[in-house]
Amino acid sequence: MRGRASILHVDLDAMFAAVEQRDKPSLRGKPVIVGGVAGRGVVSTASYQARVFGAHSAMPMAQARRLCPPNTAYLSPRFVAYQRTSAVVMELLAGVSPLVEQVSIDEAFVDLAATDHDLSVAGVTALAHRLKAEIAIATGGVTGSIGAASSKLLAKIGSDLHKPDGLTVVAPGDELAVLHPLPVRRLGGVGPATEQRLHRSRIRTVGDLAAAPLEDLVDWFGTAHGHGLFRLARADDPRPVVSERETKSVSAEETFDVDVTDPARLLHELDLLATRVAARLRRSGLTGRTVNIKVRHPDFTTVTRAVTRDQPTDDGQLIAGLARRLLAEITTFGGIRLLGVGVSTLYDFAQDDLFSAAGEDPPTLDFPDQPLPAAPAFPSSPSSSSSSSLASPSASSSAPSSPLVGSSSAPSSPFAASSPVAVEEMRVWRPGQDVCHDEHGPGWVHGSGIGRVTIRFEGPTTPIGRVRTFFVNDPHLQPADPPDWTIPAPAAP
DNA sequence: TCTGGGGTCCTAGGACCC
DNA sequence: TCTGGGGTCCTAGGACCC
């Protein structure tokens with residue numbers, strides 16, 4: 001918690017519905033519900049006029065239709081329009097501070113301490129008023145609620161306190177007075193299950209929670225959640241505003257209008273989902289090692305299955321193949337309500353090219369931002385490469401001849417090539433001794449990390465000193481006999 | 001007409017290695 | 001030869017958020 005109210009939380013009011021009312025004047029002042037209008041849809045956003053009748057986000061659409069009057073408009077989402085409006089607002093926020101954390105399409109934290117602002121309560125209040133006015137003008141009438149406080153927790157609670165079109169500045173020192181009367185449900189991380197468990201122990205307000213012993217909370221909710229609740233109830237929230245977060249998984253799923261029993265149809269849907277996931281991976285420059293599927297049965301029970309490969313991929317057919325294998329483990333008798341495909345344990349291979357472009361060596365023993373696959377200690381057993389024959393540098397070369405400029409914009413990473421699905425043994429490469437080729441020519445083993453090997457390409461046909469990192473089993477990497485140039489000495493580890 | 005879709009984080013147990 | 005602990009990875013499920 002900071003000494004000043006330097007964190008802003010900006011939350012657009014019923015954004016999807018507000019954009020629809022902005023774009024269709026006939027809807028203004030009327031109940032509007034945006035969401036899945038057919039089949040098994042749920043409400044994404046209800047306008048404030050619809051909330052009067054009890055409609056709210058995540059409610060089954062059928063239930064909302066029962067509650068709301070006949071003049072209610074039910075609309076499918078128009079994400080492109082919402083995205084455009086969101087971008088306009090985020091642009092405004094970027095003008096307020098360089099440190100903005102976009103939480104979702106309609107919500108963001110702004111760190112006012114990251115630049116020069118008057119952080120007095122009066123100063124922050126004036127700034128927030130100005131910002132609200134700018135948002136309404138720039139979006140054509142979509143309003144935002146703002147909370148300002150000394151922590152993310154209080155800023156978010158503040159933006160919620162006087163919705164819609166509200167502004168709450170929690171003065172430093174007032175945090176507990178604001179927090180303790182609120183129901184526990186208002187704390188981020190307290191959902192239906194946690195709320196129920198707390199209610200069973202007669203804990204209803206955040207003040208009640210603050211009086212609960214830490215041991216009880218840990219006992220009920222586990223170490224992480226227990227300690228988290230204990231701290232939040234005391235307004236103890238040091239979480240920083242962070243501008244960018246790493247993507248951890250990419251997935252696609254579909255709930256069928258009618259439960260699907262036909263196995264051929266299920267396989268077809270699985271392929272479509274895998275293709276969508278692969279396309280999104282490629283668009284983001286990501287590859288992943290773990291393929292997950294998710295199956296929801298008609299009784300709403302949900303099962304997941306996962307398999308992790310040695311090498312990451314963004315290949316739709318490969319993902320689909322693994323997904324099919326996983327689906328075969330699950331009984332689909334009685335039909336399936338939902339099918340999903342996801343990829344996790346992601347890698348961003350753009351890093352690899354950054355090293356090469358800068359003419360620098362990649363880190364040889366750690367790869368700080370990324371989880372690493374398991375691998376045997378290195379160096380260890382005799383090289384598995386010595387018996388292999390020389391791979392011709394030209395034989396497999398269909399990739400761009402200059403990876404320095406070519407590969408970061410390539411539609412698919414060179415690591416995406418399909419490979420046997422069976423569990424592979426980790427190849428062992430010895431720095432300074434083993435020589436290999438990729439599709440661009442000969443190189444020598446420069447260093448190795450866990451599951452990775454860095455190759456320095458140096459020879460008659462390759463640029464001097466180009467260094468790239470590969471997974472030890474990358475199919476592009478072929479053991480080779482030494483070419484007729486001298487192998488450089490190994491690099492220091 | 002009961003319950004979307006895209007995510008994140010945590011836990012627990014088993015496998016495996018040192 | 002037997003036993004054990006710590007660490008990491010993986011899988012499955014659950015809670016939660018917007």
Side-chain angles (χ1 to χ4, degrees), chain A residues 9 11-12 14-16 33-45 56-67 76-77 79 82 86 102-108 152 156 159-160 185-197 218 220-229 239 242 245-259 273 276-277 280 284 289-310 326 329-330 337-346 371-377 380 423 426 450-451:
Chain A
H9 183 255
D11 197 342
L12 301 178
M15 185 217 195
F16 294 3
I33 288 183
V34 181
V37 294
R40 293 166 158 170
V42 300
V43 175
S44 290
T45 308
H56 60 80
S57 299
M59 171 183 280
M61 189 62 79
Q63 192 181 349
R65 286 185 193 276
R66 262 180 263 129
L67 292 173
S76 291
F79 284 106
Y82 312 148
S86 173
Q102 184 171 353
V103 179
S104 68
I105 195 167
D106 62 353
E107 205 183 308
K152 279 182 160 180
K156 179 147 170 71
S159 71
D160 204 39
R185 190 60 201 273
R186 298 289 278 276
L187 290 177
V190 176
T194 304
E195 183 186 40
Q196 264 201 357
R197 181 63 193 84
V218 169
W220 299 335
F221 304 113
T223 314
H225 198 195
H227 279 90
L229 291 173
R239 291 172 298 171
V242 286
R245 253 177 295 179
E246 208 182 340
T247 301
K248 300 282 175 62
S249 66
V250 174
S251 66
E253 63 186 50
E254 183 173 4
T255 295
F256 306 116
D257 285 345
V258 176
D259 297 339
L273 292 165
R276 265 159 61 189
V277 169
R280 279 167 45 204
S284 309
R289 290 172 52 228
T290 305
V291 173
N292 319 268
I293 69 159
K294 174 168 156 184
V295 169
R296 181 120 72 206
H297 296 291
D299 67 358
F300 224 71
T301 55
T302 305
V303 297
T304 61
R305 290 292 180 271
V307 62
T308 299
R309 289 166 29 92
D310 284 345
L326 292 170
E329 297 175 11
I330 298 172
R337 179 188 178 93
L338 170 149
L339 198 55
V341 174
V343 171
S344 54
T345 324
L346 300 182
L372 295 169
S380 63
V423 176
M426 289 285 188
I450 300 167

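Every chain is numbered from 1 and lettered A, B, ... according to where its sequence line falls, protein lines coming before strand lines.
Remark: A/Arg280 pairs with no residue by the side chain to side chain donor-acceptor pair (under 3.5 Å) rule, at least two apart or across chains. Residues passing the side chain to side chain donor-acceptor pair (under 3.5 Å) test with A/Arg197, sequence neighbours excluded: A/Ser201. Under the salt bridge (Lys or Arg N to Asp or Glu O under 4.0 Å) criterion, A/Arg186 pairs with A/Asp160, sequence neighbours left out. By the side chain to side chain donor-acceptor pair (under 3.5 Å) test, A/Ser44 pairs with no residue at all, sequence neighbours left out. For A/Arg239, the salt bridge (Lys or Arg N to Asp or Glu O under 4.0 Å) test picks out A/Asp237, with sequence neighbours left out. Checked against salt bridge (Lys or Arg N to Asp or Glu O under 4.0 Å), A/Glu254 has no partners two or more places apart in sequence or in another chain. Contacts of A/Ser104 classified as side chain to side chain donor-acceptor pair (under 3.5 Å), with partners at least two apart in sequence or in another chain: A/Asp106. For A/Ser86, the side chain to side chain contact (heavy atoms under 4.5 Å, CB included) criterion is met by A/Met15, A/Gln83, A/Met90, A/Gln102, A/Ile105, not counting sequence neighbours.
A straight line from CD of A/Glu107 to C1' of B/dG6 spans 15 Å, rounded to a whole angstrom. Rounding to whole angstrom units, CG of residue A/Leu273 and C1' of B/dG6 are separated by 13 Å.
In this structure, A/Phe16 and A/Tyr82 have parallel ring planes: the angle between them is below the 30° cut-off, well short of the 60° mark.
Nucleotides C/dC18 and B/dT1, compared at atom P, are 31 Å apart to the nearest Å.
Scanning DNA chain C for stems, defined as runs of 3 or more consecutive Watson-Crick or G-U wobble pairs whose donor-acceptor distances all fall under 3.5 Å, gives the following ranges: B:5-18 with C:5-18.
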Write down the protein N/O and nucleotide N/O pairs, taken from nucleotides 1-3 of chain B, whose separation is under 3.5 Å; answer none if there are no such pairs.
from  : atom 1 : to       : atom 2 : distance (Å)
B/dT3 : OP2    : A/Arg337 : NH2    : 3.3
B/dT3 : O5'    : A/Arg337 : NH2    : 3.3

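The phosphate of C/dC16 (OP1 or OP2) has no side-chain N or O of A/Arg185 nearer than 4.0 angstrom. OP1 and OP2 of B/dG4 both lie 4.0 Å or more from every side-chain N or O belonging to A/Ser44.
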Would you mind writing out the side-chain donor-acceptor pairs for residues 298-307 of chain A within the sub-3.5 Å range, not counting sequence neighbours?
from     : atom 1 : to       : atom 2 : distance (Å)
A/Asp299 : OD1    : A/Thr301 : N      : 2.9
A/Asp299 : OD1    : A/Thr301 : OG1    : 2.6
A/Thr302 : OG1    : A/Arg296 : NH1    : 3.1
A/Thr302 : OG1    : A/Phe300 : O      : 3.4

If a protein heavy atom is under 4.0 Å from the base, mark B; if only from the sugar-phosphate, S; if neither, -; do that for nucleotides 7-15 of chain B going 5' to 3'. SSSSS----
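Within the nucleic acid shown, A/Arg197 has no heavy atom closer than 4.0 Å to any nucleic acid atom.
Each of C/dC18, B/dG6, B/dG5 was ranked by its minimum atom distance to the side chain of A/Lys156; first place goes to C/dC18.
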